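Down below is the structure, laid out as structure tokens.
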Number of protein chains: 4
Amino acid sequence: MSMIASEAGVSHGLLYHYFKSKDELFITLVQWSMEEARQAFSEIYNVPGTPLEKIALLTSMILQEDDNSHFMLIQQARTSDGVPEEAKRIIENYSIHAFVDQLMPLFEAGQDAGEIAAGDLRELVACYLSVLSGLMTLKSQEDPSYTPPKAELLLRLLRNG
Amino acid sequence: MSMIASEAGVSHGLLYHYFKSKDELFITLVQWSMEEARQAFSEIYNVPGTPLEKIALLTSMILQEDDNSHFMLIQQARTSDGVPEEAKRIIENYSIHAFVDQLMPLFEAGQDAGEIAAGDLRELVACYLSVLSGLMTLKSQEDPSYTPPKAELLLRLLRNG
Amino acid sequence: MSMIASEAGVSHGLLYHYFKSKDELFITLVQWSMEEARQAFSEIYNVPGTPLEKIALLTSMILQEDDNSHFMLIQQARTSDGVPEEAKRIIENYSIHAFVDQLMPLFEAGQDAGEIAAGDLRELVACYLSVLSGLMTLKSQEDPSYTPPKAELLLRLLRNG
Amino acid sequence: MSMIASEAGVSHGLLYHYFKSKDELFITLVQWSMEEARQAFSEIYNVPGTPLEKIALLTSMILQEDDNSHFMLIQQARTSDGVPEEAKRIIENYSIHAFVDQLMPLFEAGQDAGEIAAGDLRELVACYLSVLSGLMTLKSQEDPSYTPPKAELLLRLLRNG
DNA sequence: CATGAATGAGTCTTCATTCAT
DNA sequence: TATGAATGAAGACTCATTCAT
């Protein structure tokens with residue numbers, strides 16, 4: 001808490017004015033990060049282009065984003081001990097299924113348009129998200145010699161024939 | 001240390017008989033995990049089949065493995081604070097590049113046999129590993145409702161059009 | 001640290017608010033003690049009297065002082081294991097040579113006045129301080145039956161003829 | 001105990017075969033050191049010379065001796081915390097009074113022979129021993145630039161007018 | 001709102017001691 | 001005798017949290 005406070009330029013005492021406890025602060029951060037992710041995905045519906053073009057755009061945006069602290073926060077929260085129960089519940093609620101649901105219309109349109117390979121829709125979207133997630137994790141590991149694969153390559157997972 | 005010791009059914013004092021410090025214990029675990037991973041990858045060269053069949057086998061083995069504690073240990077070590085410097089060095093040394101190097105001959109043979117799509121070999125292997133890594137992370141998150149994608153789906157990344 | 005804190009009537013946690021570590025606390029004490037000793041010696045120049053009278057006064061003051069915790073702290077720091085390097089450096093810097101230098105003018109004046117025996121000045125002062133040091137050590141050993149020698153006796157070491 | 005054992009080239013387990021506890025080992029060392037000191041003093045009666053010559057010899061022997069570990073052990077035991085009660089008792093029994101008693105005949109002979117200044121005999125011997133003790137402490141502090149005063153200088157304390 | 005002195009539960013680590021072999 | 005695996009009490013240190021100011 002002291003480190004966070006000093007990073008924020010205030011006393012740790014003041015932090016307790018805004019957040020009752022470290023857990024509450026953490027839970028709030030998790031909530032923000034989750035909401036942030038949902039926003040990012042929802043915006044893809046507002047850009048022009050065919051479904052596959054939209055997915056390509058989303059993919060490259062995510063892979064190029066240089067602040068994945070939101071993503072990493074969730075990742076850590078998911079895999080660490082000592083995470084407050086409520087944070088875990090929030091993450092589960094917004095879990096990969098929620099994001100799958102969010103993106104399914106886009107992928108479905110892609111299949112309908114013949115741009116995206118046929119097959120179980122949920123599995124396809126889940127796989128796509130898993131892959132993105134894996135790439136972001138690697139990207140975050142400040143290995144300067146690692147360059148994430150190009151979005152184009154990933155689209156082979158989806159592209160029809 | 002006390003938790004680890006009691007989990008192991010010994011006193012924490014005894015832990016210090018075998019490991020000079022928590023850091024040393026952790027570093028040892030990282031080393032074991034790394035070696036374990038290297039072993040797993042190397043064994044794929046000993047099974048029969050075409051390169052793509054081997055890759056398919058490797059993929060499904062990894063995705064079905066139910067103990068990914070090794071993998072998660074490395075993942076955590078990579079992305080957490082307070083990890084001993086030497087552990088970080090070990091991880092960097094054996095980093096994704098090392099595993100790319102280890103698998104490149106297999107993928108190259110796949111390309112030569114026309115089973116695997118042409119293109120930058122390193123990028124292809126790195127992408128494949130990133131994807132696997134992402135899937136394992138998700139799998140580890142004890143979400144019982146999550147079923148990892150079938151290996152077959154992943155191979156679309158590689159398979160020659 | 002807990003003992004010190006409770007002796008001081010505070011929690012051990014608070015001690016770490018003021019001193020980063022036990023070593024730092026110890027080093028601070030050593031510094032204070034050293035400075036204290038330097039002060040004590042320097043004040044002798046401000047009292048009236050002949051050089052030998054001043055030395056006699058200094059001697060009896062030191063031998064009568066009933067708090068030699070400063071002195072004992074230094075003594076222990078000098079002869080014990082596990083003393084922080086910086087404490088050792090401080091003690092060496094202010095070592096007996098420093099105190100010899102501090103007192104030399106006084107003794108020189110005594111020789112000039114014919115009150116103090118001729119001979120190597122440094123050796124004389126060093127011997128005088130060694131003797132004082134030895135007496136203080138003994139005095140500190142809470143042996144109630146031990147009475148330190150009178151200053152008068154010590155002055156025989158110095159007095160001319 | 002482990003350090004002592006390994007210094008002695010045996011296992012720490014074996015140490016407990018010979019000494020029931022660390023305290024017992026420590027007490028034994030204190031006893032040995034005390035006995036050693038008594039021996040050293042008693043031998044001075046066997047050398048030829050006048051009393052003052054004997055004292056001069058004793059003094060220079062002590063100041064030249066390069067192993068004062070016995071002396072330092074006692075010194076530490078006297079001034080440290082956590083020293084077993086019995087060790088403290090032994091030290092008190094053999095305390096400076098005991099050594100004063102041991103040396104008194106020698107000094108008395110010196111006074112009778114007119115070599116040593118008149119005055120309270122106990123005080124004179126005690127002062128002499130205090131001074132020696134102080135010099136030994138300083139000598140032990142591995143300050144290579146410190147040279148103890150010559151025995152000759154010390155004898156001024158005693159020598160008759 | 002804002003600060004930081006103060007607290008204490010919890011964690012890593014050391015080390016004297018025991019005991020099966 | 002001799003070893004070293006095993007134990008646990010004790011001590012240094014951290015950090016979330018409280019509260020007087």
Side-chain angles (χ1 to χ4, degrees), chain A residues 1-29 80-84 87, chain B residues 1-29 80-84 87, chain C residues 1-29 80-84 87, chain D residues 1-29 80-84 87:
Chain A
M1 293 294 273
S2 289
M3 285 175 67
I4 292 171
S6 103
E7 197 78 10
V10 298
S11 69
H12 65 262
L14 190 53
L15 229 50
Y16 284 88
H17 194 78
Y18 295 104
F19 302 94
K20 212 163 48 196
S21 68
K22 194 187 185 189
D23 276 10
E24 197 186 286
L25 166 54
F26 186 76
I27 288 165
T28 304
L29 289 180
S80 298
D81 280 358
V83 171
Chain B
M1 293 293 274
S2 289
M3 286 174 67
I4 293 171
S6 98
E7 197 76 13
V10 298
S11 70
H12 66 264
L14 188 54
L15 231 48
Y16 285 91
H17 197 79
Y18 295 105
F19 302 94
K20 220 163 38 202
S21 65
K22 195 186 184 191
D23 276 11
E24 200 187 283
L25 166 55
F26 186 75
I27 288 166
T28 304
L29 289 180
S80 297
D81 280 358
V83 172
Chain C
M1 293 295 273
S2 289
M3 286 174 68
I4 292 171
S6 99
E7 197 77 13
V10 298
S11 69
H12 68 262
L14 188 54
L15 230 50
Y16 285 92
H17 198 78
Y18 294 106
F19 302 94
K20 219 164 34 199
S21 67
K22 194 186 183 190
D23 275 11
E24 200 188 281
L25 166 55
F26 186 76
I27 288 166
T28 304
L29 289 179
S80 297
D81 280 357
V83 171
Chain D
M1 293 294 273
S2 288
M3 285 174 69
I4 292 170
S6 102
E7 197 78 11
V10 298
S11 70
H12 65 261
L14 190 52
L15 228 51
Y16 285 88
H17 194 77
Y18 295 105
F19 302 95
K20 211 164 47 195
S21 68
K22 194 185 183 190
D23 277 10
E24 198 187 286
L25 165 55
F26 186 76
I27 288 165
T28 305
L29 289 180
S80 297
D81 280 357
V83 171

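Just so we're on the same page: letters track the sequence lines, and every chain starts at 1. No experiment lies behind these values; they were computed from the predicted model shown.
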What string of B, S and - do you get for nucleotides 11-21 of chain F, 5' to 3', if B is base contact, S is sugar-phosphate-only contact and - is no contact with any protein heavy atom under 4.0 Å? -SBB-SBB---
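- For residues 1-13 of chain A, there are no salt bridge (Lys or Arg N to Asp or Glu O under 4.0 Å) pairs, not counting sequence neighbours.
- In this structure B:S80 satisfies the side chain to side chain contact (heavy atoms under 4.5 Å, CB included) test together with A:Q76, B:Q76, B:V83, sequence neighbours excluded.
- Among residues two or more places apart in sequence or in another chain, the side chain to side chain contact (heavy atoms under 4.5 Å, CB included) test is passed with A:S6 by none.
- For DNA chain E, the stems formed by at least three consecutive Watson-Crick or G-U pairs, with both atom-pair distances below 3.5 Å, span E:2-21 with F:2-21.
- Applying the salt bridge (Lys or Arg N to Asp or Glu O under 4.0 Å) definition to pairs two or more places apart or across chains, those involving residues 11-21 of chain C are C:K20-C:E24.
- Of all non-hydrogen atoms in C:Y16 and C:S21, the two that sit nearest each other are CE2-CA, 4.1 Å.
- Put simply, OH on B:Y18 is 20 Å from C1' on E:dC12, counting in whole angstrom units.
- Judged as a side chain to side chain contact (heavy atoms under 4.5 Å, CB included), and not counting sequence neighbours, the contacts of B:A5 are B:V10, B:H12, B:L15.
- Partners of B:L29 by side chain to side chain contact (heavy atoms under 4.5 Å, CB included), not counting sequence neighbours, listed by chain and number: B:L25, B:W32, B:L73.
- At a threshold of 4.0 angstrom between heavy atoms, the contacts of D:F19 with the nucleic acid are absent.
- We find the OG1-CZ distance between B:T28 and B:F19 to be 5.0 Å, quoted to the nearest 0.5 Å.
- One interatomic measurement links the two molecules: CG of A:L15 to C1' of E:dC1, which rounds to 13 Å at whole-angstrom precision.
- Considering only the side chain of B:S11, F:dT7 comes nearest among F:dG4, E:dG8, F:dT7.
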